[in-house]
Amino acid sequence: MKNFVKASIKDWKSLADKELKKSNSNKGIKWKSADGIVYKSLYTEEDLAGLSHLDSLPGFAPFLRGPKATMYTGKPWTIRQYAGFSTAEESNKFYKNCLKSGQKGLSIAFDLPTHRGYDSDHPRVIGDVGKAGVAIDSVEDMKVLFNEIPLDQMSVSMTMNGAVLPILAAYIVAAEEQGVDKKYLSGTIQNDILKEFLVRNTYIYPPNESLKIVSDIISYTTEYMPKFNSISISGYHMQEAGATEVQELAFTIADGIEYVKAAKDKGLKVDDFAPRLSFFFGIGMNFFMEIAKLRAARFLWAEKIKELFNPKDIRSLMLRTHCQTSGVSLTEKDAYNNIIRTTIEAMAAVMGGTQSLHTNSFDEAVALPTESSSRIARNTQLILQHETNICNIIDPLAGSYFIENLTNSVIVNAGHLIDKILNMGGMTKAIEKGFPNQLIEKSALIKQAEVDSSKKVIVGVNKYLNNNEKDFEILKIDNSLVIKNQLEVLNRIKKNRDKEKLATAINNLKDGAIKNNKNLLELTIEAMRARATVGEVSLALEEAYGRFEGKPLISKNIYSSNFDEKNKLNDLKDNIKNFKKIKKRSPKILVCKLGQDGHDRGAKVVASSFADLGFEAELTNLFLTPEELLLKAKSSKADVIGISSHAGGHLTLVPQFMDLLKKENENFVVVCGGVIPKEDYNLLKQKGVSQVFGPGTNLLDAIYNILNLIKYGKKSNI
């Protein structure tokens, strides 16, 4: 064998510098991420020096290498699909087909009115019923949802936070009437209300009252439902709203600590409920970071729970997690690329040691998945489980110089952020101060600027464009048929129920909320047995607690400072300055959302980027009706109204608004943007919408477009 000269790191750096200069690469030997983590081009054994977690083993605290000793070699991760389609009947059919095709658990997606505690007949929610999930108004809907699905054998995950009491109660009562005692029910209720105040916004009641509901559910399930997870502490929606992976991890752990404190304040012992807590993380395209994030999450949870609560049961330190591949990484343009993205993200989740997984397909960038695309999503996981040998090795990247060093960096950086939140008094106090919200919004704007200026390449969107794209079939929901079905069921329930028994149950619930002297889940179960509706339970609690309303904020000087192509930026700024010089004022945009869709990342990014470049931008409160938006538009004297849509309500709510404008003879320029399929553009334009901006729109191009619409198109107040 030949003898080779041993090279040093110094020798490598010298050689690498020469090669980088030859290739004109803009990537150096070191660079820093948005989280402040320093990355290197080369990792060696030296990068493992001093790392305390390297002697970790799967199944042993701090569980960095996995919560189970055998991990997937004993049992693969659970394949889940998060889904709900219009009515309980349609969803039930879909679930049964999924179970036949290899899916092992159900993850229920509810529509927005259900999330926000409204029945399907409420006048505020007509445009949202059945659009982004299944409409559930009562126990009767829940019974249909699980028809011929044995609830003592099937793990059920329910993404529900705002109307968590009536939904969980309806599930328990439906199981009872199926002959299944609640002690046999297994699954998870999300019940993570702090995240709603942070990013997703499907809250109903104020934070402190909402935390009481969380702790009551933990208390009840701890006593009566030993196989059921009382909370799924969720970071997924934070990453979808723009959070970095370190922010997502830190804020999720901080939320979990807050819930443990709330349960302890209720008189529960940490070991009585902590082993049944679960987590939920998003998995994006930062492959190695996502793997490190899941490993670090288990370490940090074990460390913080031990430090703050000193449990005696080792299971209280164990972080178990569900993961879902990213929705925001999916693109409308060249959409079949999304199958590749999802596969990469799924591999990261598995390499990181998730316990269950939902995979997307390709069409979710514009609509709910079709049956065909759902099959692709399921098969992505089946192929990983059966064709790759991934399940044969526990923590296969352990010992990698890079992965272990990165895991430690995530532990350190996320740990510092958690400590900062704890020093503020915990996550509730931090949210009240707006601290995590501001960090997430800043991160979202930076990401948007990097994509718009092509600093960050998105294949098929800002580079390597496909000029021969073909349309694909998307799932369409007939909202009117869903409403008709729901109204028939609601009317039948209200006609046949015992009104006196119902009134007593609702009064007891309201009284229990006001006096804070009884478990609210227990009282809600009695109300649902009496055939109270989701809306009636929510209204009773609203009368006791009030309905919370968030305050919209606009961030400045972030988008422009992170936009690389300064010539384009300056040209647009000059155009806006010229408008201001001629008109003696800035152009103004009113950015809003209609209906019960609380996903406001897009609206905030749009309003903030417009304001950053010289527009006067106003961001409305969430959850407006078309009538409320008209009043706001009149008072704002905006040149253009920008309506952001994420959950399918645009086909109902935007036409209603346009009809109101026509009736009132108002002449605003109206544009729409967000998750809107191309096939819907013509319908919106026929109603008078001037322009539609789909997923992946370059914001700089959109601002140019809208400025020209104000100058040369229909205009008002100019």
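For the numbers below, each heavy atom of this structure counts, side chains included, while hydrogens, waters and symmetry mates do not.
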Open item on the list: Under the side chain to side chain contact (heavy atoms under 4.5 Å, CB included) test against Ile37, which residue among Val412, Thr244, Leu406 passes?
Closed with: Leu406

Task: Donor-acceptor pair, side chain of Asp271 and main chain of Lys312, under 3.5 angstrom - done: yes

Task: Pair Glu441 + Lys604: basic N to acidic O under 4.0 Å - done: yes

Task: Gln190 side, atom CD; Ser278 side, atom OG - distance, nearest 0.5 Å - done: 9.0 Å

- [ ] Could you tell me which non-hydrogen atom of Ile108 sits nearest to which non-hydrogen atom of Leu145, and how far apart they are?
- [x] CG2-CD2, 4.1 Å

TODO: Compare all side-chain heavy atoms of Tyr259 with those of Asp192 and state whether any distance is below 4.5 angstrom.
DONE: yes

- [ ] Take Leu523 and Leu165 through the test side-chain contact (heavy atoms from CB on, under 4.5 Å) and record every step on the way to the result.
- [x] CA-CA 9 Å; Leu523 293 172; Leu165 284 171; over 6 Å; no

- [ ] Indicate yes or no for a side-chain donor-acceptor contact from Asn405 to the backbone of Asp47 under 3.5 Å, with no hydrogens or angles considered.
- [x] yes

Task: Under 3.5 Å donor-acceptor, Thr222 side chain and Ile218 backbone - done: yes

TODO: Give the minimum heavy-atom separation between Gly235 and Thr252, together with the two atoms involved.
DONE: CA-OG1, 3.0 Å

TODO: Please determine which of Gln385, Met71, Gln355 meets the side chain to side chain contact (heavy atoms under 4.5 Å, CB included) test together with Trp77.
DONE: Gln385

TODO: For side-chain contact (heavy atoms from CB on, under 4.5 Å), just list the numbers for Leu277 and Ser230, CA-CA rounded to whole Å, side-chain angles, deciding distance to a tenth of an Å, and then say yes or no.
DONE: CA-CA 6 Å; Leu277 301 178; Ser230 58; 4.1 Å; yes

Task: Ser538 backbone acceptor or donor facing Tyr205 side chain under 3.5 Å - done: yes

Open item on the list: Do Leu194 and Val214 have side chains that approach each other closer than 4.5 Å (heavy atoms only, starting at C-beta)?
Closed with: no

Task: Aromatic ring pairing Phe402/Phe288, orientation class (parallel under 30°, perpendicular over 60°, tilted between) - done: perpendicular

TODO: Anything under 30° is parallel, anything over 60° is perpendicular, the rest tilted; go ahead and classify His115 against Phe110.
DONE: perpendicular

Open item on the list: Could you report the tightest heavy-atom contact between Arg116 and Tyr203, atom names first, then the distance?
Closed with: NH1-O, 2.5 Å

TODO: Could you pull out the closest heavy-atom pair between Pro275 and Ser316, with the gap in Å?
DONE: CD-OG, 3.6 Å

TODO: Take the angle between the ring planes of His646 and His599 and call it parallel below 30°, perpendicular above 60°, tilted in between.
DONE: parallel

TODO: Apply side-chain contact (heavy atoms from CB on, under 4.5 Å) to the pair Met158 and Asn191, showing each step before the final yes or no.
DONE: CA-CA 9 Å; Met158 292 180 283; Asn191 195 27; over 6 Å; no

Open item on the list: Looking at every heavy atom in both Ala430 and Pro436, which two are closest together, and how far apart are they?
Closed with: O-CD, 3.2 Å

Task: Any donor-acceptor pair under 3.5 Å from Glu345 side chain to Ser326 backbone - done: yes

Task: Heavy-atom side-chain contact between Thr159 and Arg200 under 4.5 Å - done: yes

TODO: Compare every heavy atom of Tyr236 with every heavy atom of Gly282, then report the nearest pair and how far apart it is.
DONE: CA-CD1, 3.2 Å

Open item on the list: Under the rule for side-chain contact (heavy atoms from CB on, under 4.5 Å), what residues qualify as partners of Ala398, not counting sequence neighbours?
Closed with: Arg65, Arg295, Asp395, Glu404

Open item on the list: When you measure from the side chain of Arg320 to the backbone of Pro67, do you find a donor-acceptor pair of N or O atoms at a distance under 3.5 Å?
Closed with: no

Task: Listed partners of Phe309 passing ring-ring contact (aromatic ring centres under 6.0 Å, His included), at least two apart - done: none

Open item on the list: Quick one, Ile421 with Phe435, criterion side-chain contact (heavy atoms from CB on, under 4.5 Å). Give me CA distance, side-chain angles, the key distance, then yes/no.
Closed with: CA-CA 9 Å; Ile421 290 166; Phe435 171 70; 4.1 Å; yes

Task: Parallel, tilted or perpendicular: ring planes of Phe279 versus Phe281, cut at 30 and 60 degrees - done: parallel

TODO: Step by step, work out the salt bridge (charged side-chain N to carboxylate O under 4.0 Å, His left out) result for Lys212 and Asp265.
DONE: CA-CA 10 Å; Lys212 172 184 165 42; Asp265 290 345; over 6 Å; no

Open item on the list: Check this for me: does any side-chain nitrogen of one of Lys518 and Asp216 sit under 4.0 Å from a carboxylate oxygen of the other?
Closed with: no

Task: Donor-acceptor contact present, side-chain Asn201 to main-chain Gly598, <3.5 Å - done: yes

Task: Backbone of Met318 reached by a side-chain donor or acceptor of Arg298 within 3.5 Å - done: no

TODO: Could you tell me whether the side chain of Arg80 and the main chain of Leu106 form a donor-acceptor pair under 3.5 Å?
DONE: yes

